[in-house]
2 protein chains.
Amino acid sequence: MSSDLIDTPTKILQATLKLLEAPDAKLPTMSDIARATGISRQAVYLHFPSRTDLLVAATRYQDRLNDIDTGLAPSRGARSGAERLDAFVTAWGNYIPKIYGVARAIMAVTDTDSEAAAAWNTRMQDMREGCAAAIAALAEDGTLPPGTDMEQATDLLWTLLSVRNWENLTQTCGWSQDCYVGTIRGMAMATLARDLGALTDVLACTDPPA
Amino acid sequence: MSSDLIDTPTKILQATLKLLEAPDAKLPTMSDIARATGISRQAVYLHFPSRTDLLVAATRYQDRLNDIDTGLAPSRGARSGAERLDAFVTAWGNYIPKIYGVARAIMAVTDTDSEAAAAWNTRMQDMREGCAAAIAALAEDGTLPPGTDMEQATDLLWTLLSVRNWENLTQTCGWSQDCYVGTIRGMAMATLARDLGALTDVLACTDPPA
DNA sequence: GATGTCAATTTACACAGTGTCAAGCAATAA
DNA sequence: TTATTGCTTGACACTGTGTAAATTGACATC
């Protein structure tokens, strides 16, 4: 078995991801994770001091697996600001479903555990840098609405691209992933890049809402 | 003391609201609530079968206190669709801070308690009806972007106005309430009512972001 | 081969929080 | 007086997190 070659912490992380990414997964307990890993619950604590630490480690592990940076390459290579914004929104919007399982678990503990909140904020701060870069590119092109404060524009884009909004539209409202990306792209382009044509047909996805 | 005239369930609800609305409040336990009410923990269970039920009851009680319908009156009285959208966004946006404490508590248990999730969804469904009405008024005026699906437009407005977005912008990003309302209004008007002038100066609030 | 060491693991326990149950007590109504 | 209502006290079951002590097993050293 190849699993003998993998060290225990990695096995735990893999099992955790598997549980979190299962469709309509309940939030797993330490017992669930231990069982899925094939070890005792207490052995998990040997490698991860708390549930929060484990969840945070799982997000980092997942990032390594997914290699988010390659997805963002087209954004960094964009020529115009609008192009960059468009590429960034698309890349991030399509990345969210990959991390949603883990994100959901972390966001759930965020309400009670301030350490988890800090960890999640840090993680979202990375994404925010991408937002800031896109806004900066727009500012250079002069396509931002007049009088726009760049910090606030970044806040707005960051909020628009939040996992919660993705969750609301795709999970609660039943939108398809394509519909989500198209709509958010349109809103971002219209609001921040003054690309008013982006509004046309934004809300006319072909897929039937659930 | 006037408190002797108030029945116990109401006293519990009042104490619960007070705890939930305290600045940077931790999520109160049943013991906390009982202590704040001045009764035993078990007595709370005599009136509310579970913590979730109590939280849900607290939202309803709060709605009664705040009388949300009067705030929405200008929206219903609006002549044009755009006017209606504008009034609705403003009214709801200014209502959120009043319910945020309770909303936060409910949203926190939503991740683990499906009954709480259902209750909160029901509550948000009421707000969604306001969104749907505004979208319908826009459709009647013909101001919606061409080809727009009304259901999806409602989803989008509903998402834009989510408590999570309010939380993100005002609590995490440190925006003032006025800045929040102004920006969201601008986005809604631009995206859904094709009022492109609404984009100008949307992101140029005078207050310094934290 | 016996022994020491160290990491991984397991059994057992402490604690917080929710929810249930039973017995008792005080005030009030019949 | 008796019955009822509303609350209290105290105990307990259950779930989940996290800690501590004892145990195993591999591996090196003498």
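Numbered from 1 within each chain, the chains take letters A, B, ... in sequence-line order. These values consider heavy atoms only, across backbone and side chains, with no hydrogens, waters or symmetry-generated copies.
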Once you round it to whole Å, what is the distance between [atom2] of [N] and [atom1] of [X]?
{"X": "R51(B)", "N": "dT18(C)", "atom1": "CZ", "atom2": "P", "value": "6 Å"}
{"X": "D113(A)", "N": "dG16(D)", "atom1": "CG", "atom2": "C1'", "value": "14 Å"}
{"X": "F48(B)", "N": "dG6(D)", "atom1": "CZ", "atom2": "P", "value": "14 Å"}
{"X": "L54(A)", "N": "dG16(D)", "atom1": "CG", "atom2": "C1'", "value": "15 Å"}
{"X": "R35(B)", "N": "dA16(C)", "atom1": "CZ", "atom2": "P", "value": "12 Å"}
{"X": "I39(A)", "N": "dT23(D)", "atom1": "CD1", "atom2": "P", "value": "21 Å"}
{"X": "K26(A)", "N": "dG16(D)", "atom1": "NZ", "atom2": "P", "value": "13 Å"}

Would you say that [X] contacts [Y] through its side chain, given a criterion of any heavy-atom pair below 4.5 Å between the two side chains?
{"X": "I39(B)", "Y": "T8(B)", "result": "yes"}
{"X": "L19(A)", "Y": "K26(A)", "result": "no"}
{"X": "T37(B)", "Y": "T16(B)", "result": "no"}

Would you say dA7(C) has OP1 or OP2 under 4.0 Å from some side-chain N or O of H47(A)?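 For dA7(C), neither OP1 nor OP2 has a side-chain N or O of H47(A) closer than 4.0 Å.
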Presence of S40(B) side-chain N/O under 4.0 Å of dT9(D) phosphate oxygens OP1/OP2: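 No, because none of the side-chain N or O atoms of S40(B) sits under 4.0 Å from OP1 or OP2 of dT9(D).
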Between Y95(A) and D63(A), do the side chains contain an N or O donor and an N or O acceptor separated by less than 3.5 Å?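 On atom types as modelled, these side chains qualify, holding a pair under 3.5 Å.
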Between D113(A) and T52(A), is there a side-chain donor-acceptor contact under 3.5 Å, judged purely by atom types and distance?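 Yes, a side-chain donor-acceptor pair sits under 3.5 Å.
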Can you build the contact string for nucleotides 20-27 of chain C? Use B for base contact, S for sugar-phosphate-only contact, and - for no protein heavy atom under 4.0 Å. BB------
Of all residues at least two apart in sequence or in a different chain, which pass the ring-ring contact (aromatic ring centres under 6.0 Å, His included) check with Y100(A)?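 Per chain and number, Y100(A) pairs via ring-ring contact (aromatic ring centres under 6.0 Å, His included) with W166(A).
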